[in-house]
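Shown next, in structure tokens, is the structure this report addresses.
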Amino acid sequence: QVQLVESGGGLVQPGGSLTLSCAASGFNFGISFMAWYRQAPGKERELIAGISSGGITNYADSVKGRFTISRINAKNTAYLQINNLEPEDTAVYYCKSRYLSRDYWGQGTQVTVSS
């Protein structure tokens with residue numbers, strides 16, 4: 001019954017910002033590791049940010065300083081705040097949970113950066 005539902009993607013102008021959300025259910029969110037990935041057409045899926053159950057974060061160099069991952073355990077939700085968007089950020093963004101050594105994926109949400 002594990003489910004990850006992503007939302008918040010859309011069309012954004014260069015320099016703009018948005019926040020992606022990942023609503024989780026069916027497992028103990030509070031002891032899971034959460035991560036965001038992205039995949040552009042023709043490219044491999046890329047790990048861009050992760051956050052431990054205790055709030056320790058890590059980021060890919062390509063997004064460090066512009067992206068912020070967070071979680072609110074009481075809401076069973078993870079977030080990705082994206083600032084100063086660039087056309088190169090255009091991709092499908094995926095939420096992933098690792099719980100008891102098993103990985104679960106959301107359906108993805110499209111982010112398109114264009115003027």
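Below, all heavy atoms of this structure are taken into account, side chains as well, without hydrogens, waters or symmetry copies. Note that the structure is a prediction, hence the values are computed from the model and not measured. Residues: numbered from 1 along the sequence shown.
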Which other residues belong to the hydrophobic cluster containing Tyr94, where Ile, Leu, Val, Met, Phe, Trp and Tyr are joined when side-chain heavy atoms lie under 4.5 Å apart, directly or via other members? Tyr37, Leu47, Val92, Trp105

Going from CG on Asn83 to CG on Leu18, what distance comes out if it is rounded to the nearest 0.5 angstrom? 9.0 Å

Going from CG on Asn73 to OG on Ser32, what distance comes out if it is rounded to the nearest 0.5 angstrom? 7.5 Å

Do Glu46 and Ser62 get their side chains close enough for a donor-acceptor pair, meaning under 3.5 Å? yes

When you measure from the side chain of Thr112 to the backbone of Leu11, do you find a donor-acceptor pair of N or O atoms at a distance under 3.5 Å? no

So Ser17 and Gln81, do their side chains get closer than 4.5 Å, heavy atoms only? yes

Contact between Ile48 and Leu80 at the side-chain level, heavy atoms closer than 4.5 Å - yes or no? yes

For the pair Gln39 and Glu44, evaluate side chain to side chain contact (heavy atoms under 4.5 Å, CB included) and give the outcome as yes or no after the intermediate values. CA-CA 6 Å; Gln39 187 168 25; Glu44 295 182 350; 5.6 Å; no

Under a 4.5 Å cut-off applied to non-hydrogen side-chain atoms, are Phe33 and Ile51 in contact? no

Report the C-alpha distance between Ser115 and Gln13 in whole Å, list the side-chain angles of each, state the deciding distance to 0.1 Å, and finish with yes or no for side-chain hydrogen bond (donor to acceptor under 3.5 Å, both in side chains). CA-CA 5 Å; Ser115 60; Gln13 295 188 63; over 6 Å; no

Say you draw a straight line from CZ of Arg98 to OG of Ser52; how long is it, rounded to the nearest 0.5 Å? 13.0 Å

Side-chain donor-acceptor pair under 3.5 Å between Glu86 and Asn84, yes or no? no

If you measure from SG on Cys22 to NZ on Lys96, what distance do you get to the nearest 0.5 Å? 12.0 Å

Thr68: what forms a side-chain hydrogen bond (donor to acceptor under 3.5 Å, both in side chains) with it, not counting sequence neighbours? none

Within 45° of the six-membered ring axis of Tyr79 and under 6.0 Å from that ring's centre, is NZ or CZ of Arg71 located there? no

Nearest heavy-atom pair of Phe67 and Tyr59: which atoms, and what distance? O-CE2, 3.2 Å

Look only at the side chain of Gln1 and the backbone of Ser25, and say whether a donor-acceptor pair between them is shorter than 3.5 Å. no

Less than 4.5 Å apart, any side-chain heavy atom of Ile82 and any of Thr19? no

Please determine whether residues Val2 and Leu100 belong to a single hydrophobic cluster, defined as Ile, Leu, Val, Met, Phe, Trp and Tyr linked transitively by side-chain heavy-atom distances below 4.5 Å. yes

Please answer whether the main-chain N or O of Lys75 pairs with a side-chain N or O of Thr77 as donor and acceptor at a distance below 3.5 Å. yes

Check whether any side-chain heavy atom of Val113 lies under 4.5 Å from a side-chain heavy atom of Val111, and answer yes or no. yes

In sequence, state the C-alpha distance, the side-chain angles, and the governing distance for Glu6 and Trp36, and then conclude on side chain to side chain contact (heavy atoms under 4.5 Å, CB included). CA-CA 10 Å; Glu6 301 168 358; Trp36 288 93; 4.2 Å; yes

Would you check, one step at a time, whether the test side chain to side chain contact (heavy atoms under 4.5 Å, CB included) holds for Leu4 with Ser97? CA-CA 8 Å; Leu4 301 174; Ser97 174; 4.0 Å; yes

Considering only heavy atoms from C-beta outward, does the side chain of Arg38 approach that of Val63 to under 4.5 Å? yes

Does any part of the side chain of Phe29, heavy atoms only, come nearer than 4.5 Å to the side chain of Met34, both counted from C-beta? yes

